[in-house]
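Here the structure comes first, spelled out in structure tokens, and everything after it is commentary.
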Amino acid sequence: MRKTSYPDIIIGAIERRRVLELRYKGVKRKVRPHILGYVGQGALALSAWQIAGTGSGWRLFHVVDIGDLTETEASFHSPARRYNPDDPAFSRIIERL
């Protein structure tokens with residue numbers, strides 16, 4: 001059985017508008033994923049609205065530094081405030097709300 005990759009999990013969560021649980025820099029967090037794409041020198045990153053962990057608000061997570069990623073059953077209905085689907089931080093977008 002093929003293990004699902006983190007990018008695949010993130011893409012699915014964006015498509016289904018599901019909250020993700022993850023560990024980043026040693027902290028467990030819950031986020032609403034909005035954009036998966038490439039930033040800077042080609043690093044794969046997730047732009048998400050964090051709802052639990054180190055406060056709430058927009059965060060950019062480098063996928064290589066994410067651990068323990070799971071899609072939850074919790075869903076969200078609309079993008080977070082100030083969501084920019086054409087976020088200039090991304091040089092190439094793979095999936096977005």
Side-chain angles (χ1 to χ4, degrees):
M1 184 162 135
R2 183 178 162 267
K3 184 177 185 282
T4 305
S5 72
Y6 281 1
D8 289 341
I9 292 169
I10 294 167
I11 290 167
I14 291 171
E15 290 172 347
R16 290 183 285 281
R17 294 185 181 213
R18 293 290 179 94
V19 172
L20 291 169
E21 285 185 350
L22 57 93
R23 185 169 298 282
Y24 194 76
K25 297 188 177 176
V27 178
K28 193 169 184 178
R29 304 160 191 255
K30 287 185 181 180
V31 302
R32 295 176 180 161
H34 284 62
I35 301 175
L36 177 67
Y38 292 95
V39 297
Q41 300 299 313
L44 188 60
L46 165 65
S47 176
W49 181 265
Q50 185 169 291
I51 56 175
T54 56
S56 64
W58 285 108
R59 302 287 191 275
L60 186 70
F61 301 99
H62 287 185
V63 174
V64 69
D65 295 326
I66 291 175
D68 303 326
L69 177 68
T70 57
E71 181 181 325
T72 71
E73 293 295 317
S75 60
F76 59 100
H77 303 290
S78 58
R81 65 182 177 266
R82 296 188 306 276
Y83 168 56
N84 179 359
D86 299 313
D87 187 334
F90 289 89
S91 57
R92 185 163 71 92
I93 291 174
I94 295 170
E95 186 65 62
R96 66 180 149 206
L97 288 182

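Nothing fancy with the numbering, it's 1 onward along the sequence.
In this structure the side chain of Ile14 reaches within 4.5 angstrom of the side chain of Leu97, judged on heavy atoms. In this structure the side chain of Pro33 reaches within 4.5 angstrom of the side chain of Phe76, judged on heavy atoms. Residues Val63 and Leu69 are not in side-chain contact: their nearest non-hydrogen atoms beyond the backbone lie 4.5 Å or more apart. With a 4.5 Å cut-off on side-chain heavy atoms, Ile94 and Tyr38 count as touching.
Remark: the backbone N or O of Lys28 is not paired with any side-chain donor or acceptor of Glu21 at under 3.5 angstrom. No donor-acceptor pair closer than 3.5 Å links the side chain of Arg23 to the backbone N or O of Asp68. Using a distance-only test at 3.5 Å, with no hydrogens or angles considered, a donor-acceptor pair links the side chain of Arg17 to the main chain of His77. Without hydrogens or angle criteria, Thr72 side chain to Val19 main chain gives a donor-acceptor distance under 3.5 Å. A donor-acceptor distance shorter than 3.5 angstrom exists from the side chain of Tyr24 to the backbone of His62, with no hydrogens or angles considered. Judged by distance alone, with hydrogens and angles left aside, the side-chain atoms of Arg59 form a donor-acceptor pair with the main-chain N or O of Thr54 at under 3.5 Å.
The distance from the CZ atom of Arg32 to the OG atom of Ser78 is 7.5 Å, given to the nearest 0.5 Å. The distance from atom NZ of Lys30 to atom OG of Ser56, rounded to the nearest 0.5 Å, is 14.0 Å.
Checking Asp86, Asp87, Leu36 one by one against Arg96, the side chain to side chain contact (heavy atoms under 4.5 Å, CB included) holds for a single residue, Asp86. Just one of Ile10, Leu20, Leu46, Leu44 meets the side chain to side chain contact (heavy atoms under 4.5 Å, CB included) condition when paired with Phe61; it is Leu46.
For the residue pair Arg16 and Ser75, no side-chain donor N or O sits within less than 3.5 Å of a side-chain acceptor on the partner.
Residues Ile93 and Ile66 share a hydrophobic cluster, clusters being chains of Ile/Leu/Val/Met/Phe/Trp/Tyr side chains in contact below 4.5 Å. In the hydrophobic clustering of ILVMFWY residues, with side-chain heavy atoms under 4.5 Å counting as a link, Leu60 and Val31 come out together.
Heavy atoms only, all atoms of each residue included: Ala80 and Trp58 are closest at CB-CZ2, 3.7 Å.
Every residue was checked against the side chain to side chain donor-acceptor pair (under 3.5 Å) condition with Glu15, not counting sequence neighbours, and none meets it. Residues satisfying the ring pair (Phe, Tyr, Trp, His ring centres under 6.0 Å) criterion with Tyr83, sequence neighbours excluded, are His34.
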